[in-house]
Each structure stands twice: as structure tokens, then as C-alpha cells.
Amino acid sequence: MPELPEVQTLVNDLIAAGLVGRRIIRAGVHWPRTIATSSADRFCSQIRNRAIESIERRAKFILMALSNGLMLIVHLRMTGRFQWGDEGQSPEKHVHVTLSMDDGRVLCFHDTRKFGRFYLTQEPRTLLGGLGPEPLSSVFTAALFKQRLAGRKRQIKPLLLDQAFLAGLGNIYVDEALWAARIHPLREAGSLDSAEVVALHAGIRHVLRQGIKYAGTTLGNGQNNFYSLGRERGGNANHLKVFRRTGAPCPCCHRPIKRIIVAQRSTHICGQCQRLNTPG
DNA sequence: AAGAATGTTACATG
DNA sequence: ACATGTAACATTCT
């Protein structure tokens with residue numbers, strides 16, 4: 001669920017909350033497997049008394065640079081999120097890591113499905129080196145996109161979901177971007193013509209920027225859902241054109257949105273606007 | 001009320 | 001290179 005816009009929203013919130021410059025005085029781990037790089041004990045002793053020097057996003061990872069060259073990297077996977085807790089009180093259900101700050105606040109990592117991971121490393125490149133370009137950065141031009149698509153035989157949707165090809169997209173924003181560009185998710189990636197590449201490049205950047213603008217996408221009311229630092233919902237669900245809108249009219253041609261399965265993932269398309277074969 | 005589906009990723013196997 | 005299947009989990013949906 002948390003894709004690039006949701007992770008960016010969280011990073012923005014963490015910065016706005018004044019976390020940069022604060023020092024971590026104590027860590028608690030209640031589900032040890034959350035810590036991917038070491039034992040829970042070693043994690044706690046290593047992170048203790050480090051100051052947070054910067055917070056940024058790369059792909060769907062949250063990067064916190066700590067003092068003395070250590071980097072804390074967090075991946076939320078499907079249901080991870082951060083929220084404030086109370087010092088001295090036992091953490092609420094599904095809180096697996098707590099970070100007590102030098103100003104008395106407690107940053108809690110909450111993750112119902114327990115897929116989220118914390119990495120503590122001196123060498124971030126090991127984890128991040130294989131990622132594709134950032135879709136919102138200036139290096140991601142239509143020309144670069146075209147070059148990376150050339151010759152690829154995979155279907156366009158699973159390729160866009162591949163973090164080594166392009167960083168940060170997930171199921172929601174891929175469906176939205178493909179609809180915006182009027183491209184069928186099963187199209188062979190290397191078969192897109194120049195106009196389609198340009199449209200898809202623009203579509204990807206548009207849907208991601210819109211997601212960030214509305215502070216992420218929160219679907220439904222379940223707790224397996226995106227909530228930002230202050231437990232606020234994102235507003236982007238109101239701006240989705242196809243995702244989870246099966247049966248609703250396509251905003252472009254008013255035919256009903258269809259749900260199909262592509263690469264084992266639920267996929268939402270307009271069969272009229274997104275053609276697999278050229279009409280005729 | 002039991003069983004299926006679920007936004008992510010890594011890894012194993014054809 | 002690419003497609004497919006599975007596993008990691010708990011909650012929500014059917």
C-alpha cells in the first residue's frame with residue numbers, strides 16, 4: 001500500500017515534526033524479525049545515542065542518516081506506519097519498534113502484517129544500489145525511459161512494478177499511470193511507440209505528483225491502510241480514475257471499469273481507452 | 001463462519 | 001530475460 005507518494009508524505013511529516021536534529025536515547029524491539037540487519041539487542045545498542053541528521057526518501061525506503069556514518073533505512077512494505085506513542089506506557093498492539101527521542105517523544109513503528117523491515121548499515125548502497133531511477137527526478141526523462149524500455153519483452157505493468165526498472169511505483173499508481181497514458185497493462189514494454197512512451201512518462205509523473213499533493217491514498221476504513229504520522233488519511237482516493245473503481249464509469253469514455261488479473265495482481269482498466277490491439 | 005483475498009518484496013524454479 | 005509460484009503475516013471481505 002505505501003508507494004512513493006505515501007512514503008514521501010510520511011517523510012515530509014517526520015521532517016515537519018522536527019525529528020531532524022533529535023537524538024535517539026533508547027530503542028525497544030517487540031518483534032525481532034522487523035530488524036533485518038542484526039539481532040534486536042545489537043540494533044538497540046547500535047542506534048542508541050545517535051542523532052538523526054537527515055530524513056529522505058529513496059524509492060519506497062525511508063532513509064534516516066544518523067551520526068557517525070550510520071544509516072537507518074525503513075521499508076513499510078504493505079502495512080507499516082509511524083505514529084507517536086507515550087513514554088512509560090506499554091506500546092499498543094502491532095507496534096514492533098519504539099524509538100525514544102531526547103525531547104520525550106516516542107516514535108512507534110506499527111505494522112499489522114509484520115512485513116516491514118528496519119535496516120541499520122554503514123553501506124546503504126548494498127540495499128539501494130540496484131534500484132532504478134527516481135521517477136520524479138530530473139534524470140528520469142522521456143528519452144531515458146524510452147531507452148530503458150527498448151528491447152524489453154516483459155509486459156509493461158509488471159515491468160513498471162519492478163523496482164530495479166523504475167523506483168517507487170506500486171499497484172495503485174501503475175494502474176493510474178497506464179490509464180492516463182491509455183496503455184493496456186499487458187502490452188509488451190518494448191513495443192511502445194515514441195508517443196506512448198512520452199504519454200506514459202507524463203502519466204507516471206502526474207499521478208505521483210497528484211498523490212503527493214493529496215498526501216497519499218487511503219482506501220476504505222480498515223486498519224490495513226495508509227495513515228500518515230498524525231494518523232491522518234490521505235485524500236488521493238477521491239482522485240483515482242480506475243483503481244478499485246470496478247464497474248464505475250471511465251472518466252474519459254464512461255464505459256465501466258474492468259478488473260482483470262495481471263502478474264497475479266488485481267488490475268483496473270478501461271477496455272475502451274486501453275486497447276491491447278490497435279482498433280480497427 | 002470458514003475460506004479467500006489483500007496495496008510489497010525476495011527468492012526459487014522452469 | 002522472463003513468467004510463475006511461494007512465503008512472510010493479520011485483517012478484511014465474501
Side-chain angles (χ1 to χ4, degrees), chain A residues 1-10 30-37 57-62 73-81 91-97 109-119 126-132 148-179 185-191 207-208 211 214-228 233-237 239-247 259-269:
Chain A
M1 139 205 304
E3 306 179 28
L4 187 156
E6 289 73 34
V7 178
Q8 187 66 56
T9 297
L10 192 46
H30 305 99
W31 179 260
R33 295 176 65 175
T34 302
I35 313 300
T37 43
R57 179 194 59 75
R58 170 78 173 102
K60 301 175 194 172
F61 292 94
I62 299 164
I73 303 178
V74 178
H75 197 299
L76 305 171
R77 290 286 189 103
M78 290 179 77
T79 57
R81 59 201 206 223
E92 68 182 76
K93 195 178 178 187
H94 305 307
V95 166
H96 306 131
V97 180
F109 179 68
H110 180 287
D111 185 16
T112 52
R113 288 181 72 175
K114 298 180 174 173
F115 295 165
R117 289 293 178 264
F118 277 48
Y119 307 81
T126 311
L127 192 59
L128 309 175
L131 291 168
R148 289 178 71 81
L149 286 166
R152 300 299 297 255
K153 298 291 184 192
R154 293 176 73 180
Q155 299 161 341
I156 187 66
K157 171 159 176 171
L159 185 62
L160 291 176
L161 289 170
D162 185 342
Q163 301 298 297
F165 178 76
L166 186 63
L169 291 176
N171 212 30
I172 298 173
Y173 294 96
V174 165
D175 280 7
E176 292 296 309
L178 287 169
W179 179 85
L186 292 176
R187 283 284 300 282
E188 182 181 317
S191 78
V207 299
L208 292 176
Y214 294 109
T217 300
T218 303
L219 280 332
N221 297 303
Q223 67 164 303
N224 282 2
N225 225 318
F226 171 71
Y227 291 90
S228 63
R233 302 166 57 82
N236 193 234
H239 302 272
L240 298 177
K241 303 295 198 285
V242 289
F243 192 84
R244 289 271 186 98
R245 292 180 50 76
T246 310
R259 179 178 176 275
I260 63 176
I261 301 295
V262 176
Q264 286 85 238
R265 312 295 302 278
S266 78
T267 299
H268 309 77
I269 61 166

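Numbered from 1 within each chain, the chains take letters A, B, ... in sequence-line order. When reading the values below, keep in mind they use all heavy atoms of this one structure, side chains included, and skip hydrogens, waters and symmetry mates. Here the structure is a predicted model, which is why all the values come from computation and not from measurement.
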Mind calculating the distance between CZ (A:F226) and P (C:dT12) to the nearest angstrom? 18 Å
Pairing check on B:dG7: which nucleotide meets the Watson-Crick or G-U wobble criteria with it, both distances under 3.5 Å? none
Selection from C:dA10, C:dA8, B:dG7 that lies nearest to any side-chain heavy atom of A:M78: B:dG7
Could you tell me the separation between the CZ atom of A:F109 and the P atom of C:dC9, rounded to a whole number of Å? 14 Å
Watson-Crick or G-U wobble partner of C:dC9, both distances under 3.5 Å: none
Closest to the side chain of A:S266, out of B:dT9, B:dT6, C:dT4, is B:dT6
Rounded distance in Å - CZ (A:F61) to P (B:dT9): 8 Å
With a 4.0 Å limit, can you tell me whether A:R154 has a side-chain N or O closer than that to the phosphate oxygens OP1/OP2 of C:dA3? yes
Out of B:dG7, C:dT11, C:dC9, minimum distance to the side chain of A:K93 belongs to C:dT11
A:R265 CZ to C:dT4 C1': how many Å, rounded? 14 Å
Specify the separation, in whole Å, of atom CZ of A:F118 and atom P of B:dT8. 19 Å
Which one, B:dT6, C:dA10, B:dA10, comes nearest to the side chain of A:K114? C:dA10
Please classify the nucleic acid contact of A:R259 as base, sugar-phosphate, or nothing, using heavy-atom distances under 4.0 Å. sugar-phosphate
Would A:F115 count as stacking on C:dA8 if stacking means ring centres less than 5.5 angstrom apart and planes tilted under 30 degrees? yes
Side-chain atoms of A:R77 come closest, of B:dG7, B:dT9, C:dT11, to B:dT9
Which part of the nucleic acid, if any, lies within reach of A:R117 when heavy atoms closer than 4.0 Å are counted: base, sugar-phosphate only, or nothing? nothing
Of the nucleotides B:dG7, C:dG5, C:dA10, which has the atom closest to the A:Q264 side chain? C:dG5
Nearest-angstrom distance from the residue atom CG of A:D111 to P of C:dC9: 11 Å
Using atom P of each nucleotide, how far apart are C:dG5 and B:dA5 to the nearest Å? 14 Å
Using 30° and 60° as the class limits, which term best fits the ring planes of A:F109 and A:F118: parallel, tilted or perpendicular? perpendicular
Compare the minimum distances between each of C:dC9, C:dT11, B:dG7 and the side chain of A:E3, then state the nucleotide with the smallest one. B:dG7
Closer than 4.0 Å, any side-chain N/O of A:Q163 to the OP1 or OP2 of B:dT8? no
Can you list everything that forms a side-chain contact (heavy atoms from CB on, under 4.5 Å) with A:Q8? Sequence neighbours excluded, please. A:V11, A:N12, A:R57, A:I212
Rounded to whole angstrom, note down the P distance from B:dG7 over to C:dT14. 13 Å
Could you please spell out the steps behind the side chain to side chain contact (heavy atoms under 4.5 Å, CB included) verdict for A:I269 and A:I260? CA-CA 8 Å; A:I269 61 166; A:I260 63 176; 3.9 Å; yes
Nearest whole Å is fine: how far is B:dT8 C1' from A:L160 CG? 16 Å
Protein-nucleotide distance (A:L159, atom CG; C:dA1, atom C1'), rounded to Å: 11 Å
Kindly determine whether A:W31 and A:D111 satisfy side chain to side chain contact (heavy atoms under 4.5 Å, CB included), including the steps that lead there. CA-CA 10 Å; A:W31 179 260; A:D111 185 16; over 6 Å; no
Hey, is the side chain of A:H94 poking within less than 4.0 Å of OP1 or OP2 on C:dA10, counting only N and O atoms? no
Mind checking if A:E6 touches a base, just sugar-phosphate, or nothing, with heavy atoms under 4.0 Å? nothing
Using 0.5 Å steps for rounding, measure from the CD atom of A:E3 to the NZ atom of A:K60. 5.5 Å
In sequence, state the C-alpha distance, the side-chain angles, and the governing distance for A:H268 and A:D175, and then conclude on side-chain hydrogen bond (donor to acceptor under 3.5 Å, both in side chains). CA-CA 6 Å; A:H268 309 77; A:D175 280 7; 2.9 Å; yes
Is the shortest side-chain heavy-atom distance between A:H110 and A:T79 below 4.5 Å? no
Please measure how far the P atom in C:dT6 lies from the corresponding atom in B:dA4, and state the result in whole Å. 14 Å
I want to check one thing: is the phosphate of B:dG7, taken as OP1 and OP2, less than 4.0 Å away from some side-chain N or O of A:R113? no
